[in-house]
Q: 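Sharing a structure here in structure tokens format.
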Amino acid sequence: MSTQAPLELKKTVNLPKTAFAQKANLGQSEPARLKRWAEMGLYELIRRSRRGRERFILHDGPPYANADIHLGTAMNKILKDIVVKSRTMMGYDSPYVPGYDCHGLPIEQHVERALDKKGKKKSDLSTESFRRACREHAAGALKSQTRDFQRLGILGLWEDPYLTMSNHYEAETARQFGRFVERGYVYKGARPVYWCIHDQTALAEAEVEYREHTSPSVYVKFPLAEDSLEAKTLKREILGDEDDPRRIFFLIWTTTPWTLPSNLGIAVNPQFEYAAIEGKDGEVYVVASELVTHVAQKCGLGRPADLTTGEPRGQSDPSPSAVVWPPKVLARFPGSRLERLEARHAWLDRPSLLMLGDHVTLGGEADAETELDLKDARDRRVTGKAGTGLVHTAPGHGHDDFVIGKAYGLDIYCPVDNAGRFTQEVEHFAGLSVFEANPGIVEFARGRGALLFAEEYAHRYPHCWRCKNPVIFRATPQWFISLDAAAAAPAADVETDDDGRARSNFTDNYNEEVAPASLRAGALREIERVRWVPAWGADRMRNMQKGRPDWCVSRQRVWGVPIPVFYCACGEATASRATIDHVADVFERETTDAWYRREAKELLPEGFRCPACGGDEFTKESDILDVWFDSGVSSVAVLESYEGLRWPADVYLEGGDQFRGWFNSSLMVGLAAHGRAPYRAVVTHGWTLDAQGRAMHKSAGNAVAPEEFVKESGADILRLWVTSSDYREDMRCSPEILSRVADSYRKIRNTARFALGNLDGFDPERDSVALGDMREIDRWALAELDRLIERAVEAYKAYDFHSVFRVIDAFCTVTLSARYFDIIKDRLYTYAPRSEARRSAQTALNHIADALARLLAPVLSFTADEIWENLPEVKAWNAFVADKEAEAAGDKERSAVTGGTGWMPPSVHIAEFPVAQKVDEQLLERWEHLFGVRDVVLHQLEVARSTKTIGSSLDAKVYIETEGKLYDLLSHYRDELRFIFIVSQVHLSRAAKPSEPPPKGMLGTVLSVAVGRADGQKCDRCWNYSTFVGQSNRYPTVCERCVEALAEIEAEGGAR
RNA sequence: CGGCGCGAAGCUCAGAUGGCCGAGCACUCGGCUGAUAACCGAGAGGCCGGAGGUUCGAGUCCUCCCGCGCCGACCA
């Protein structure tokens, strides 16, 4: 017994102490940590630590370098970061090279708008300076995006991201186009695009705005070509006699009469019923059955006299529509009956083919220009009927017309020049602008007797966003990549022409064994080899490949990679691997600016001559490549050029919108380059929605701005949101949801804090207790930890991140906070600091804190690192290092560091996931039963509280009566029970009578729990009740356990 | 309209092979005041989007419908 004065009880209690703050203050602490990471070169340290390990490559899909990032972009990058970090912690060498998509229309538009504000126009600038402005804009945008991504805690090669506008990338893009050419996939064709005849430029859908416009609405008849067998059969069906003198006409309707000279066909819907009706002058017209009345009314069929007088036909039905006698229907037949019949053009000596198409509607407007905007057409379909159910088809002047025309092998005929004037081949109207020609064409048709009706028609029509003039649809020459052409056999340089295919050698690195018969076939084969997460991705990809038309890679733009093709004066197009590689080498040195700066001659190999005519005068193609082609090239341009990466990637991870986008274009390039998919697995995530499940739009005001939120609440909260939601589905986000996430964060943080706080002064090397010597509940906690490690790592492997969240969250809330921590508090606080009982718990806590930091690191990248540096081993090592440094600097004042000096990584992100020990299942099972009993006890305590028998659970003494196996179990833990239940005393007794029949599980046996006041008095130190209190002279207010602990503390030198 | 997906407590999610729908958070109430802008407990809260069908029995299987999202763009 000490001769010193008794200790002050309060000071002998070991309360938690840690530098790990309860309040995270992420808004400030995260930037500070980012700075430290940058200073220590964390990403580089990680790379070095994984050198020589098996690689795992996530290939970044480049976000568009236009505007600031939005929530979806943030989520995408966070998910990628979680993948990379988790694979790194599994031990892989998993570098991350971020990228940016820098070319494309939105940047052009942005630059144009900026010019607008300065009162300038695109045409005021040279192409070179316009492109320079685009380049600068992209550079600025990607810089600010980089800052935002870094702020989210995403680790990667930010100093050297890949840019689709870099020299090498642009060169590689051109080279890859050359691969497609070489394999014979590239051909030149035509395709209709929006065209502004005023600005003489192609327009994107986004550059078109719909305005009110009045067009001539005309009903025109196309005669059946009677000479074929099929036509005769039809005639017999309708008229009963193939020699009947009456002629059959197909009635079409259009609001763009100027496209009539380009008519090559008539589309009908195979689902609709059509009727042959009696028309004027003994003619027979074919129209959709449902529109017979409408057409009759418009065209004055039936009883023209009544139409003109407007006199009601019958008293019973005075409505205006009733004035028309429905014309006599001669026959009805499905639309499919008409397929491939031939009509004659309404006035030209040319056939017009009958085709089947689902785009044909009964609402009218199934017309070249307007049908493209489906929503618009749908809206109007409801408002009223128009048309005939037969659609005038000019493949050179409409999207649907183009598609159906292609399917039926029609020409993409477009006798209209850049200025919107008919070319010489158009009889009667050559040289006229199409809009000027409209009235003339109507009159001409009337004169030929082909016109049944014409009127003015007000509707919404696409206009140019810049000059506000109405636009037209016009087919222009385009480069296509064929999906069905078989890869060509090796051949010498051969150029492409309008319908030809370029042919050349296979490249060296092409995998001929898996060479696909065609891109489509290759794609379908590769889809089966790729792992899709979620699995339905394969279905979606497969379905998409099946019906896809050829890939049009031409864009009539300037901000992109030029299509490296030359045209000889003789009309021959030159594109071969040799010429393209030559151009690419120039791009490699000078970027694609060279294309606009240099003459064709300077871009071709010296002395190059046209293979067709031997000429040496060339012009350059003015189209650029589709930006999807750009980004599709990334696997080759990036994976094969950055050190540490490799082709193919292990995984691509993007939103579901990329099936048709990057996943597809990457697959195409992969097939052309290597005959394989560029990815082994494809993970897709959903869209970000608001609380109501609506898509987020800046304009709708429901968008969560990531930078703002991060500044306020921290990136870790946003990262936890990403992890807590199931990304495979659409993800909802709102202030409420984020607030729930912040709750979870606080719980996890507090849990870690409790562990760290109770490790104050714990030196793992010196103080750890061997597993076999630990208290059983501590071993239980470690067994639970092992189970957590197993599950969490498994979930990380499966990209099942929200399961990671679930198991960690459950571990923190239930296993630790509600059970383990609550129970061991007594031991941690009241036992002597160095007692084995306390060190046993600390040993478990140390493992737990360490494992939590590692398991959380991919998700809570900042907080996990903060936990990490508060771990005893890490603190010790850091202090050791600091000490060595001080020593080296001649600072003798510093005291030697005590404790472990084992190496610990300076950041958790260099560390690896913990390895689970074999889980002791029997121990876990025993404790599940104990916790089952605990639940019953807790419930009874609650009852006792409600009757004011007790307040704190330590006021209680619990009486348990049971029998059988349960009694045996509890009896084995007899002395532990009061701690497990957190009560002062437990009285266990065997139930008088065993239950019968034997219930399932031990908890079903007889178990009665009663609660009373604890015996004795409350110990001033540990707050447990004990009859011992008062018996110690030195510490009269304290229980027997505390007397013992105090003696130990005094022996060790008093209160800390 | 076509392809794909989703719809379960206020929120985020578990609910292989059909068998009384669970957890955490939030909420309400209570306890504690030695994790304290913490901690512990209890309670309440679900026509499992709707309607049919198969079945002794359906959140789960089938059909149809409704709502929402992505894709079908020279958007990325």
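To find a chain, count down the sequence lines: A is the first, B the second, and so on, and within it residues start at 1. Please read all numbers here as calculations on a predicted model, not as lab measurements. Because only heavy atoms are used, hydrogens play no part in the values below, and waters and symmetry mates are left out as well, while side chains stay in.
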Q: What's the closest nucleotide to the A:Gln556 side chain, out of B:rG69, B:rU12, B:rC74?
A: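 The listed nucleotide nearest to A:Gln556's side chain is B:rC74.
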
Q: With respect to the phosphate group of B:rC39, does any side-chain polar atom (N or O) of A:Lys747 fall under 4.0 Å of OP1 or OP2?
A: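 So the side-chain polar atoms of A:Lys747 do come within 4.0 Å of the phosphate oxygens OP1 or OP2 of B:rC39, strictly under.
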
Q: Rounding to an integer number of Å, can you tell me how far A:Asp809 CG sits from B:rA23 C1'?
A: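 So the CG-C1' distance, A:Asp809 to B:rA23, works out to 9 Å.
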
Q: Any side-chain heavy-atom pair from A:Tyr169 and A:Val633 closer than 4.5 angstrom?
A: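 A:Tyr169 reaches A:Val633 side chain to side chain.
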
Q: Looking at every strand, decide which applies to A:Phe821 at a 4.0 Å heavy-atom threshold: base, sugar-phosphate, or nothing.
A: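 Answer is base: heavy atoms of A:Phe821 come under 4.0 Å of a base.
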
Q: Does A:Ala202 reach a base, just sugar-phosphate, or nothing at all? Heavy atoms under 4.0 Å.
A: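 A:Ala202: base contact, heavy atoms under 4.0 Å.
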
Q: Checking contacts here: which listed nucleotide (B:rU33, B:rC40, B:rG69) is nearest the side-chain heavy atoms of A:Asp822?
A: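 Nearest listed nucleotide: B:rC40.
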
Q: Rounded to the Å, how far apart are A:Asp400 CG and B:rC1 P?
A: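 In whole Å, B:rC1 P lies 16 Å from A:Asp400 CG.
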
Q: With rounding to the closest Å, how many angstrom separate the P atoms on B:rA8 and B:rG49?
A: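 Those two atoms are separated by 6 Å.
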
Q: Below the 4.0 Å mark, does B:rA35 have OP1 or OP2 next to a side-chain nitrogen or oxygen of A:Asn750?
A: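 For B:rA35, neither OP1 nor OP2 has a side-chain N or O of A:Asn750 closer than 4.0 Å.
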
Q: Which is true for A:Trp721 with a 4.0 Å heavy-atom rule: it touches a base, it touches only sugar-phosphate, or it touches nothing?
A: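 If one applies the 4.0 Å heavy-atom cut-off, A:Trp721 turns out to touch nothing in the nucleic acid.
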
Q: To the nearest Å, how far apart are A:Asp730 CG and B:rG5 P?
A: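 Distance check: A:Asp730 CG to B:rG5 P gives 13 Å.
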
Q: Which listed nucleotide (B:rC75, B:rG24, B:rC4) is nearest to the side chain of A:Arg555?
A: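 Nucleotide nearest to A:Arg555's side chain: B:rC75.
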
Q: Distance check: side-chain N/O of A:Tyr829 vs OP1/OP2 of B:rA35, anything under 4.0 Å?
A: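 The answer is yes; a side-chain N or O of A:Tyr829 sits under 4.0 Å from OP1 or OP2.
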
Q: With sugar-phosphate meaning primed atoms plus P, OP1 and OP2, does A:Tyr64 contact a base, only sugar-phosphate, or nothing at under 4.0 Å between heavy atoms?
A: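 Since only primed, P, OP1 and OP2 atoms lie under 4.0 Å of A:Tyr64, the category is sugar-phosphate.
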
Q: Regarding A:Arg557, tell me which of base, sugar-phosphate or nothing describes its non-hydrogen contacts under 4.0 Å with the strands shown.
A: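 Base contact.
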
Q: Touch check for A:Ser953, heavy atoms < 4.0 angstrom, all strands: base, sugar-phosphate only, or nothing?
A: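 Touches nothing.
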
Q: How is A:Gly104 classified with respect to the nucleic acid when contacts are heavy atoms under 4.0 Å: base, sugar-phosphate, or nothing?
A: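 Counting heavy atoms under 4.0 Å across all strands, the contact made by A:Gly104 is with sugar-phosphate only.
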
Q: Once you apply a heavy-atom cut-off of 4.0 Å, does A:Arg806 come out as touching a base, just sugar-phosphate, or nothing?
A: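 Sugar-phosphate contact only.
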
Q: Considering just the side-chain nitrogens and oxygens of A:His802, establish if one lies under 4.0 Å of OP1 or OP2 belonging to B:rA14.
A: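 For A:His802, the contact criterion (side-chain N or O under 4.0 Å from OP1 or OP2 of B:rA14) is met.
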
Q: For A:Ser744, report the nucleic acid contact type (base, sugar-phosphate, nothing); a contact means any heavy atom under 4.0 Å.
A: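 Since no nucleic acid heavy atom lies under 4.0 Å of A:Ser744, the category is nothing.
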
Q: Contact class for A:Glu207 (heavy atom, under 4.0 Å): base, sugar-phosphate, or nothing?
A: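 Contact class for A:Glu207: none.
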
Q: Give a yes/no on whether any side-chain N or O of A:Trp536 is located under 4.0 angstrom from OP1 or OP2 of B:rG5.
A: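 For A:Trp536, the contact criterion (side-chain N or O under 4.0 Å from OP1 or OP2 of B:rG5) is not met.
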
Q: Using a 4.0 Å heavy-atom cut-off across all strands, classify A:Gln22 as base, sugar-phosphate, or nothing.
A: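 Sugar-phosphate: the residue A:Gln22, judged by heavy atoms under 4.0 Å, touches backbone atoms but no base.
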
Q: B:rC75, B:rG41, B:rG5: which one has an atom nearest the side-chain heavy atoms of A:Leu938?
A: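 Selected nucleotide: B:rG41.
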
Q: Indicate, with a heavy-atom threshold strictly under 4.0 Å, whether A:Val627 touches base, sugar-phosphate, or nothing.
A: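 Sugar-phosphate, no base atom in range.
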
Q: Confirm from the modelled atom types if A:Ser817 and B:rA35 form a donor-acceptor pair under 3.5 Å, side chain to base only.
A: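 Donor-acceptor pair under 3.5 Å: yes.
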
Q: Check whether any side-chain heavy atom of A:Asp626 lies under 4.5 Å from a side-chain heavy atom of A:Ser554, and answer yes or no.
A: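 No, their side chains stay 4.5 Å or more apart.
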
Q: Verify the stacking flag for A:Trp1023 against B:rG34: centroid separation must be under 5.5 angstrom and the ring planes must differ by under 30 degrees.
A: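 Given the distance and angle limits, yes, they stack.
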
Q: Could you check whether A:Arg660 gets within reach of a base, just the sugar-phosphate, or nothing at all, counting any heavy atom under 4.0 Å?
A: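 A:Arg660: backbone/sugar contact only, no base atoms under 4.0 Å.
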
